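Everything quoted here is computed from the prediction, not taken from an experiment. Excluded from the calculations below are hydrogen atoms, water molecules and symmetry mates; all remaining heavy atoms, backbone and side chain alike, are included.
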Amino acid sequence: MPVLQDPLMIVTDLDGSLLDHHTYSWQPARQWLMRLKEHHIPLVICSSKTAAEIVPLQQELGFGGSPFISENGAVVRYGDAQAEQTAQFSSQDSAAICHTLLRLRQHDGFKFTGFADVSEKEIAEWTGLTPALAARAKMREASESLIWRDSREQFDLFRERLDEAGLTLVQGGRFWHVMSKGSGKGAALRWLLEHYPSPTAQPGQRPLTIGLGDGPNDAPMLDSVDYAVVIHGYSKNPVLLERADKQHIYRSAARGPEGWVEGLDHFITPS
């Protein structure tokens with residue numbers, strides 16, 4: 001098992017993982033976050049949230065300036081404010097994706113509601129976020145989030161139409177997310193590991209990665225890390241991993257940040 005002195009990197013989902021699904025609190029994980037910071041272990045957020053949501057949260061957690069993956073892998077950002085690097089894995093930006101969604105809705109009569117269709121107030125009602133945070137959730141760069149309101153048959157057709165348009169559909173904890181094909185949490189993390197020099201690893205050395213997530217959209221990320229923590233979540237669909245090393249997978253009994261703590265307690269030896 002890894003120890004705190006190893007060249008570690010923690011890669012984490014937010015909603016339902018580090019953040020409580022209902023209250024968005026991370027306080028149960030405070031002690032572990034302090035421990036990671038003390039040992040200079042990077043905390044890489046890998047979330048469906050936007051960059052506008054993640055940056056202030058990083059400051060609140062005490063990991064400002066750390067690399068992060070936003071919008072389910074459509075955007076990767078790392079580096080300090082003077083030398084910030086951004087990679088957009090989505091070949092289409094949010095405006096182009098929303099234009100395609102509008103065209104498909106008009107042509108095929110699909111029933112769905114996207115973030116671009118509603119106000120901050122409505123997003124706040126859906127999510128429990130404050131209106132100010134809901135406004136940040138609307139600031140999407142390379143994806144669109146939506147609620148599906150149609151039949152299963154129409155949903156299958158919708159997926160076909162998106163595929164024809166070079167887009168894919170990913171299920172998150174609360175919403176479906178539309179982005180370019182080829183983008184995702186796993187692809188984004190693999191790219192980051194190739195380009196970001198971890199402060200705890202020797203030059204050219206890959207850090208030991210521990211990933212934590214609770215939803216089906218986290219599976220590609222959890223398949224790309226050395227140790228995977230599947231946090232007990234609220235999704236009706238299970239988190240199915242393709243990796244064969246079952247001894248490196250831990251499924252928590254607790255939900256949210258309590259399950260997050262449980263996972264790190266399981267894999268990391270204090271010394």
Side-chain angles (χ1 to χ4, degrees), residues 11-15 17 44-58 65-79 81 83-105 110 112-120 123 126-127 129 133-148 158-196 211 213 215-222 224:
V11 186
T12 182
D13 175 49
L14 288 177
D15 294 357
S17 297
V44 177
I45 289 172
C46 185
S47 171
S48 61
K49 287 186 181 296
T50 64
E53 293 175 278
I54 290 172
V55 170
L57 179 60
Q58 284 184 314
S66 295
F68 65 83
I69 296 165
S70 61
E71 298 184 44
N72 275 309
V75 176
V76 179
R77 193 163 295 168
Y78 70 94
E84 188 174 74
Q85 302 291 324
T86 300
Q88 183 172 304
F89 279 87
S90 182
S91 59
Q92 302 182 47
D93 63 17
S94 290
I97 291 171
C98 288
H99 179 76
T100 297
L101 290 172
L102 177 62
R103 176 175 57 80
L104 294 178
R105 181 158 50 192
F110 297 126
F112 59 84
T113 306
F115 276 28
D117 300 321
V118 299
S119 67
E120 291 86 352
I123 293 175
W126 291 345
T127 60
L129 294 169
L133 289 176
R136 292 181 177 274
K138 278 176 65 72
M139 298 169 65
R140 313 200 76 78
E141 299 175 61
S143 68
E144 173 61 332
S145 299
L146 58 84
I147 296 176
W148 183 252
F158 182 56
R159 273 203 142 130
E160 288 181 24
R161 294 286 187 263
L162 289 176
D163 184 69
E164 293 166 1
L167 299 172
T168 189
L169 196 60
V170 175
Q171 184 181 20
R174 286 184 172 86
F175 306 103
W176 288 97
H177 305 278
V178 181
M179 64 187 74
S180 292
K181 283 195 292 188
S183 57
K185 289 188 175 186
L189 176 59
R190 290 189 293 273
W191 185 92
L192 180 65
L193 289 171
E194 289 178 12
H195 292 84
Y196 173 70
N217 59 323
D218 294 314
M221 177 265 285
L222 295 174
S224 302

TODO: Grab the two heavy atoms, one from Gly186 and one from Ser224, that are nearest each other, plus how far apart they are.
DONE: CA-OG, 3.7 Å

TODO: Side-chain contact test, heavy atoms from C-beta onward, threshold under 4.5 Å: evaluate it for Ile69 versus Ile45 and give yes or no.
DONE: no

- [ ] Consider only side-chain N and O atoms of Arg140 and Thr50, and report whether a donor and an acceptor are under 3.5 Å apart.
- [x] no

- [ ] Can you measure from CG (Leu57) to CZ (Arg136) and round to the nearest 0.5 angstrom?
- [x] 11.0 Å

TODO: Measure from the side-chain N and O atoms of Gln92 to the backbone N and O of Ala165, and report whether any donor-acceptor pair falls under 3.5 Å.
DONE: yes

Task: Reported CE-to-CD distance for the pair Met139 and Glu53, which is rounded to 0.5 angstrom - done: 9.5 Å

- [ ] Heavy atoms only: give me the nearest Ala51-Glu141 pair and the separation to one decimal.
- [x] CB-OE2, 3.5 Å

Open item on the list: Between Leu146 and Thr113, does the side chain to side chain contact (heavy atoms under 4.5 Å, CB included) criterion hold? Intermediate values first, please.
Closed with: CA-CA 5 Å; Leu146 58 84; Thr113 306; over 6 Å; no

Open item on the list: Looking at every heavy atom in both Met221 and Lys185, which two are closest together, and how far apart are they?
Closed with: CB-CB, 3.8 Å

Open item on the list: For the backbone of Leu14 and the side chain of Ser47, can you confirm whether one donor and one acceptor N or O come within less than 3.5 Å of each other?
Closed with: no

Open item on the list: Checking side-chain polar atoms at under 3.5 Å, does His177 have a donor or acceptor matched by the opposite partner on Ser145?
Closed with: yes

Task: Near-ring test Phe112/Trp176, centroid separation under 6.0 angstrom - done: no

Open item on the list: Parallel, tilted or perpendicular, judged at 30° and 60°: which one describes the rings of Trp126 and Phe115?
Closed with: tilted

Open item on the list: Tell me if the aromatic rings of Phe68 and Tyr78 count as close, with their centers under 6.0 Å from one another.
Closed with: no

Open item on the list: Any heavy-atom pair between the side chains of Leu101 and Leu162 that's under 4.5 Å?
Closed with: yes

Task: Under-4.0 Å salt bridge between Lys138 and Asp117 - done: no

Open item on the list: Please give me the minimum heavy-atom distance between Val75 and Ala142, naming the atom from each residue.
Closed with: CG2-CB, 4.2 Å

Open item on the list: Closer than 3.5 angstrom, by distance alone: can the side chain of Ser94 be matched with the main-chain N or O of Ser143 as a donor-acceptor pair?
Closed with: yes

Open item on the list: On a heavy-atom basis, which atom in Gly213 and which in Ser17 lie closest, and how many Å separate them?
Closed with: CA-OG, 3.5 Å

Task: Flag if over 12 foreign heavy atoms under 6.0 Å of NE2, His99 - done: no

Task: Gap separating the CG atom of Asp93 from the CD atom of Glu144, nearest 0.5 angstrom - done: 12.0 Å

TODO: Using the side chain to side chain contact (heavy atoms under 4.5 Å, CB included) rule, take Phe175 and Trp148 through it: C-alpha gap first, then chi angles, then the decisive distance, then the call.
DONE: CA-CA 8 Å; Phe175 306 103; Trp148 183 252; over 6 Å; no

TODO: Report the C-alpha separation of Asp13 and Lys49 in whole Å, then their side-chain angles, then the decisive distance to 0.1 Å, and conclude whether the salt bridge (Lys or Arg N to Asp or Glu O under 4.0 Å) test is met.
DONE: CA-CA 9 Å; Asp13 175 49; Lys49 287 186 181 296; over 6 Å; no

TODO: Supply the atom-to-atom distance Ser48 OG to Glu71 CD, rounded to the nearest 0.5 angstrom.
DONE: 9.0 Å

Open item on the list: With a 3.5 Å distance limit and no angle check, can you tell me whether Thr100 reaches the backbone of Ala96 through a side-chain donor-acceptor pair?
Closed with: yes

- [ ] Working to the nearest 0.5 Å, report the span between CZ of Arg105 and CZ of Phe158.
- [x] 9.0 Å

Task: Under 3.5 Å: donor-acceptor pair, side chain of Glu194, backbone of Trp191 - done: no

Task: Asp163 backbone acceptor or donor facing Lys181 side chain under 3.5 Å - done: yes

Open item on the list: Which heavy atom of Arg159 sits nearest to which heavy atom of Leu169, and what is that distance?
Closed with: NH2-O, 3.4 Å

